[in-house]
Structure formats: structure tokens, C-alpha cells
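Report on the following structure.
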Amino acid sequence: MRALWLVVVTLLTAQPVHAQDAQAIIGRSARVYRSLRNLTADFVQVINNPMIDSAESKGTLVQSGPAKLAMRFTDPPGEAIVIDGEHVWVYTPSTVPGQVIRMSVPNGGPVYGYNLLAWFLDRPSERYKPSYLRTEQRGGHPVDVIQLVPTVPEMPFTKAVIWLDRGDGLPRRLEIQEESGAQRTLDLSHIRLNQALPDDTFRFKVPKGVRIVDQ
């Protein structure tokens, strides 16, 4: 009877403990993220937009801090999104051939843009209310699934769910509900940390015949 009572007490108290740990879990991931020189991962991105058909893309993501990012796509092939610290380059010839969009990064504020990891792991306690959803297995590893709801105005999304590996604390999946109504899902795999990167990793080389459109 005593053993049964202990089991019942454990089951009754498990969920509140998890709920209280959501802040600690996302806080640990933020500390791991800030400690990295760089992160490389393969990605699969799906964007479901109620106004148009869904779109899936694949490629490799490399990021170094909040100000540098390179997403180079294998599907659609040749496409790229690069943040070099001064400009954001968006090259999508499958939808807008013959041009690349170049935007200056903002002054005096965080340079996140397309860097989803920075949006959620750079000082999350100042921007989100976290809540613990559940535990899952991804790639044979346990992950904690945390929901993040913005607590500050002018965020480009209404909520996000992030899957954090219990081993290294890093994201394996993000689901983002954007202000536009679209839902973006980003799955990360084969994560590599603090690698020696080529000098041109965060440099966009304008293809011959492609014009630059400044925005």
C-alpha cells in the first residue's frame, strides 16, 4: 500500500514539476546557444500558408551568433539566405529569377531577421512565457517540448513550439505560428558545433547576370 501511495503521489505531482521547469529548460538552452562559436545543421523547412499552397525546402544552415547566418538550399537548388553582419541577402530564383534582394541590417537592435534560433534562444526569459507541453523521442533521443508565447509587442509570430534535446540542450524542431497566419516548421538534424568554417561561409556571391535589388 505504501508503494502504491508513492506511485500515486508521483503521478499527481509530475505535471506541475514539468510546468515549473519550462523556464529552466529554455534558460539552459539559451546558455548553450550563447556559448557556441557556430552551429551547422541540415534542415527541412515547411511553410503552410492558408492563402497559397504549402512549400517544403531543404538545405544546410550555418549560424554564428545572432548576426550571421547562411541558409543554402539544395531544394530548391541554388537558393540562399545570407546574413553577413551588414546585409541580408535573399536569393530565390525559383520564384523571382534574375535578382537578389539586399537589405541593410537594422542599427541599434538585434539582427535576427531569418535567424530563427536567435529569435528564440537569445534572452528568451525577456521575451516569452514558456510552458511545458510534453516529452518526446526524436532521433532516438529524449526531447522536451516547450511552448513560447511572446510577452513583448511587435513580434512576427503569435506563438512557437520548440523541441529541445535533453542531451545538448539544442533545438531539433521549431513550429512557428506567424502573424500572417502561416505556420512554419523547421526540422534540424546532423548538428555540428564549433567547426572551422571557410572564410566565405557568410558571404553571398552574386551570380553572373543577377541584379541587386536594394530594400
Side-chain angles (χ1 to χ4, degrees), residues 39-64 66-84 87-106 110-122 128 133 136 138-139 143 145-150 154-165 170-192 201-215:
L39 178 151
T40 304
D42 299 334
F43 72 85
V44 177
Q45 179 176 247
V46 178
I47 301 175
N48 289 309
N49 191 320
M51 304 299 293
I52 57 176
D53 292 336
S54 63
E56 179 178 295
S57 56
K58 302 176 182 179
T60 300
L61 175 154
V62 186
Q63 70 112 85
S64 179
K68 290 189 176 181
L69 171 78
M71 293 182 73
R72 301 189 186 276
F73 295 78
T74 56
D75 184 16
E79 301 202 346
I81 297 171
V82 178
I83 306 176
D84 61 16
H87 295 95
V88 181
W89 302 81
V90 181
Y91 181 56
T92 55
S94 67
T95 55
V96 188
Q99 71 176 44
V100 56
I101 295 174
R102 180 175 63 183
M103 298 173 282
S104 296
V105 299
V111 184
Y112 295 156
Y114 293 86
N115 192 341
L116 297 180
L117 297 185
W119 274 113
F120 299 114
L121 295 181
D122 184 20
Y128 307 103
L133 298 183
E136 289 185 8
R138 291 192 68 82
V143 296
V145 186
I146 307 293
Q147 179 176 271
L148 299 173
V149 176
E154 300 182 359
M155 299 295 270
F157 38 82
T158 57
K159 68 177 180 179
V161 179
I162 186 168
W163 281 249
L164 299 171
D165 189 282
L170 294 171
R172 293 303 189 270
R173 179 181 174 91
L174 298 96
E175 283 186 0
I176 304 157
Q177 192 67 45
E178 301 183 351
E179 284 283 357
S180 64
Q183 183 182 65
R184 183 186 303 266
T185 302
L186 185 70
D187 284 290
L188 302 176
S189 61
H190 302 102
I191 292 179
R192 291 87 78 188
T201 298
F202 303 108
R203 185 183 308 149
F204 181 78
K205 183 178 180 180
V206 180
K208 185 177 180 179
V210 171
R211 67 187 179 98
I212 299 173
V213 178
D214 286 308
Q215 291 188 359

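- For residues 182-191, the salt bridge (charged side-chain N to carboxylate O under 4.0 Å, His left out) pairs, not counting sequence neighbours, are Arg138-Asp187, Arg173-Asp187, Glu178-Arg184.
- Residues Phe202 and Val62 meet the side-chain proximity criterion, which asks for heavy atoms closer than 4.5 Å.
- Residues Trp163 and Pro171 form no side-chain contact, since every pair of their non-hydrogen atoms from C-beta on lies 4.5 Å or further apart.
- Two residues are said to be in side-chain contact when any heavy atoms from C-beta on lie closer than 4.5 Å; Asp165 and Leu170 fail this criterion.
- Within the 4.5 Å cutoff, the side chain of Val161 has heavy atoms near those of the Leu133 side chain.
- Annotation: salt bridge (Lys or Arg N to Asp or Glu O under 4.0 Å) contacts of Asp75 (sequence neighbours excluded): none.
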Open item on the list: If you apply the rule side-chain contact (heavy atoms from CB on, under 4.5 Å), what do you find for Gln63 with Leu117, and how did you get there?
Closed with: CA-CA 9 Å; Gln63 70 112 85; Leu117 297 185; 3.7 Å; yes
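- Between Phe73 and Tyr91, the ring center distance fails the sub-6.0 Å criterion.
- Ile146 places a side-chain heavy atom less than 4.5 Å from the side chain of Leu164.
- Annotation: side chain of Val210 is in contact with side chain of Pro207 (closest heavy-atom distance under 4.5 Å).
- With Glu175 contributing its side chain and Ile162 its backbone, the two residues share no donor-acceptor pair below 3.5 Å.
- Ile176 places none of its side-chain heavy atoms less than 4.5 Å from the side chain of Thr185.
- Identified under the salt bridge (charged side-chain N to carboxylate O under 4.0 Å, His left out) test for residues 204-215, with sequence neighbours left out: Arg102-Asp214.
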